[in-house]
Protein chains: 2
Amino acid sequence: MTCDITIKDVAKQANVSVATVSRVLNGLDRVSDQTRKKVLKVVKELNYVPNTMAASMITKQTQMLAVVVPEIENPFYTSVIKGTVNVAKERGYNTFVFSTNDSESEEDTFFESSLRRNVDGIVLIGAHKDPVFYQKMNKPVILVDRYIDGCGLDGVIIDNFGGAYEATKYLIEYGHRDIAIITGPQTFNDGTERYWGYQQALKDNGIELVSDYQKHGDWFENNGYQSTKELMKLPKPPTAIFAANNLICQGTIKALRDLDLTIGLDVSLVGFDANDLAEFVKPRVSVVKRPTYEMGTHAAEMLIEKLKQVEKNESFPKKVTLGVELQKFGSVKYLG
Amino acid sequence: MTCDITIKDVAKQANVSVATVSRVLNGLDRVSDQTRKKVLKVVKELNYVPNTMAASMITKQTQMLAVVVPEIENPFYTSVIKGTVNVAKERGYNTFVFSTNDSESEEDTFFESSLRRNVDGIVLIGAHKDPVFYQKMNKPVILVDRYIDGCGLDGVIIDNFGGAYEATKYLIEYGHRDIAIITGPQTFNDGTERYWGYQQALKDNGIELVSDYQKHGDWFENNGYQSTKELMKLPKPPTAIFAANNLICQGTIKALRDLDLTIGLDVSLVGFDANDLAEFVKPRVSVVKRPTYEMGTHAAEMLIEKLKQVEKNESFPKKVTLGVELQKFGSVKYLG
DNA sequence: TTGAAAGCGATACCAG
DNA sequence: CTGGTATCGCTTTCAA
């Protein structure tokens, strides 16, 4: 394990030129079988490891990607990261993992790092809201989960509207009319689309929107916890709750537990995105499941595909929407 | 946001030499205030971003670290990663995240990548068992959580023995004598030390070891689940269980739930490492808590410290042991 | 205080 | 098929 041996050392030892060693190592050119073997033997003997950076300076490709997420400890993001990193690895790329705390300025820092390091491309769950910001990117970027319309970039998102609509419709079909939603900020499509889905399902079924039933906070567990408590304190509490992401749902489950309310009996609940507690409690909580790992793999594949066709026509931005699935368990009571 | 502007462009535009630009940018040399300002102005105008790689080729420092973990989706590792990445960021390093699936060969792949890319150092939760392997490292490495004696590397570990001992003693003090352990493989210190702690506590209190009460599987949830079911099927089931890591504990909790056994009433339980379910269930499960995030930060700090004193005396390997804390909740029944 | 020039370790073009 | 060499973008002597 050394890295202070250079291509020159190999060339000298093998009695060939550096050009030849380079050819052998990259398997590109025609090299006689004899020299090839000779070089390879020396490479092994000397334990030579090529310096990627030196090569990058010429090829202009670093074989490095970056994946940028708001929070590395949220299992959803971890799953996306894993998908990205795995595909990247298979295709010969190494991946930087950045966590921005959902802060625009931290994200900026990382963009600069990425530029300085010349990463080939970026998988991004971004904090910036302004499409103009993204338009300035002169590196291949795939947006994941959040998509900014008009930014001109490719994206992999999920059917937020459809998922929320299905979840709400499901509650309605089971006879619920007093349905609350606990969701995050309406900054990105994840928030807005889920909220629209909820709204639309109610409207389509002639149910009026009650502002008290709509809790817009952040995407964290505590919002789920507090909002649930507030909801259940209302003069006329909702009979069902739609928790619009994994952490909020966990908060809701905890709050209901602390309030001694039984899910599926006292209150019905549907979550968005899988989470530990939803799977654990009895009855298990129905959730809209989304393909988290696949979002990562898909994004990485799109990105790498794009890198290959650098010169190609600057085609229109491609937005891929992955489907979601409503998984029904016993957390919704049938009201007839 | 561009990266096709080079130091030459800046030099030309500012009517100075590249050497001068370099000096200004690195704030090293004495440069007249006038030229400094002039250069800085051009840098801003041209939106110049220096190419880190080119610099690295000369300085022999890449300002890149790698953190290698067995599994990126285990919250324990995520927490270590976060700690490492955050400290690295503060100190001006970017970090590669690698996940090895606990496979020696995958780990090897990553080591080669690290060499090719010339990372400055590595924070490693390793899969290799052989100290000889680690001895060959010629890069600064900090081992985390698992330590291989005789490998000659620095490490940050936790007091596995003490934690396990405390946990078991706690059960004994509450009157338990039929105490089971569910743990992982005895490959690394994490497994062996926790098992020793359990053993020693029993011995110190004159309790004989019962082989049926000792379940050695892997570190995953399913081991906790299956082993618990087997334990409770014994003619004389244990009155208490010590679950030796976070996932095993979650498995145990699920199994007990499925067996309709109440924690702290029918069976007592102590876990090792925090986990979602242990915090959720009532009564909350007592656990040995370890400073996961701090393990990451500590390791990163040690690593970066080490990088600074490259030339310094190759001091003896330093092994830092962080303490753990037994957090007692209602999951242990008092048998008198 | 500043500039010229020699590399760093690889690739790739052009000859031979 | 093989070798010489310019080059990539930057740092760092050495002179001026």
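Just so we're on the same page: letters track the sequence lines, and every chain starts at 1. These numbers come from the heavy atoms of this one structure, side chains and all, not from hydrogens, waters or symmetry mates.
- Salt bridge absent: A/D4 and B/K60 never bring a charged side-chain N and a carboxylate O closer than 4.0 Å.
- By the 4.0 Å N-to-carboxylate-O rule, A/E301 lies too far from A/R91 to be salt-bridged with it.
- Here B/T20 lies in heavy-atom contact (under 4.0 Å) with sugar-phosphate atoms only.
- Within the structure, salt bridge (charged side-chain N to carboxylate O under 4.0 Å, His left out) contacts touching residues 37-57 of chain B (residues at least two apart or in different chains) are B/D33-B/K37, B/K41-B/E45.
- Rounded to whole angstrom, the span from the CD atom of B/Q63 across to the P atom of D/dC10 amounts to 16 Å.
- Nucleotides of DNA chain C nearest to A/T52 and B/S17 differ in position, and the one nearer the 5' end is that of B/S17.
- Between D/dT11 and B/T59, no contact under 4.0 Å exists linking OP1 or OP2 to a side-chain N or O.
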Between A/I7 and A/Y48, does the side-chain contact (heavy atoms from CB on, under 4.5 Å) criterion hold? Intermediate values first, please. CA-CA 8 Å; A/I7 197 171; A/Y48 167 65; 3.7 Å; yes
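- What separates CZ of A/R23 from C1' of D/dC1 is a distance of 8 Å, to the nearest Å.
- Rounded to whole angstrom, the span from the CD atom of A/Q61 across to the P atom of C/dT11 amounts to 13 Å.
- Per the geometry, CG belonging to A/D33 stands 10 Å off P belonging to D/dC1, to the nearest Å.
- Between B/N26 atom CG and C/dT1 atom P the separation is 17 Å, expressed in whole Å.
- Looking at heavy-atom distances under 4.0 Å, A/T35 makes contact with sugar-phosphate atoms alone, never a base.
- Taking atom NZ of B/K12 as the reference point, atom P of D/dC10 lies 13 Å away to the nearest angstrom.
- Applying the ring-ring contact (aromatic ring centres under 6.0 Å, His included) test between A/H128 and each of A/F110, A/F133, A/F188 identifies A/F133 as the sole match.
- For NZ of B/K318, the number of neighbouring non-hydrogen atoms (other residues, nucleotides, ligands) closer than 6.0 Å is 12 at most.
- Of the candidate nucleotides C/dT11, C/dT1, D/dG3, D/dG3 has the atom lying nearest to any side-chain atom of A/A19.
- A salt bridge links B/R290 with B/D145: the distance from a Lys NZ or Arg NE/NH1/NH2 to an Asp or Glu carboxylate oxygen falls below 4.0 Å.
- Note on B/V21: nothing from the nucleic acid sits closer than 4.0 angstrom, heavy atoms only.
- Each of C/dA4, D/dG4, C/dT1 was ranked by its minimum atom distance to the side chain of B/S32; first place goes to C/dT1.
- In this structure, the CZ atom of A/R116 is 12 Å from the C1' atom of D/dC10, given to the nearest Å.
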Scan nucleotides 7-9 of chain D against the protein and return all N/O pairs shorter than 3.5 Å with their distances rounded to 0.1 Å.
residue: D/dC8; atom: O3'; partner: A/K60; partner atom: NZ; Å: 2.8
residue: D/dG9; atom: OP1; partner: A/K60; partner atom: NZ; Å: 3.2
residue: D/dG9; atom: N2; partner: B/A54; partner atom: O; Å: 3.2

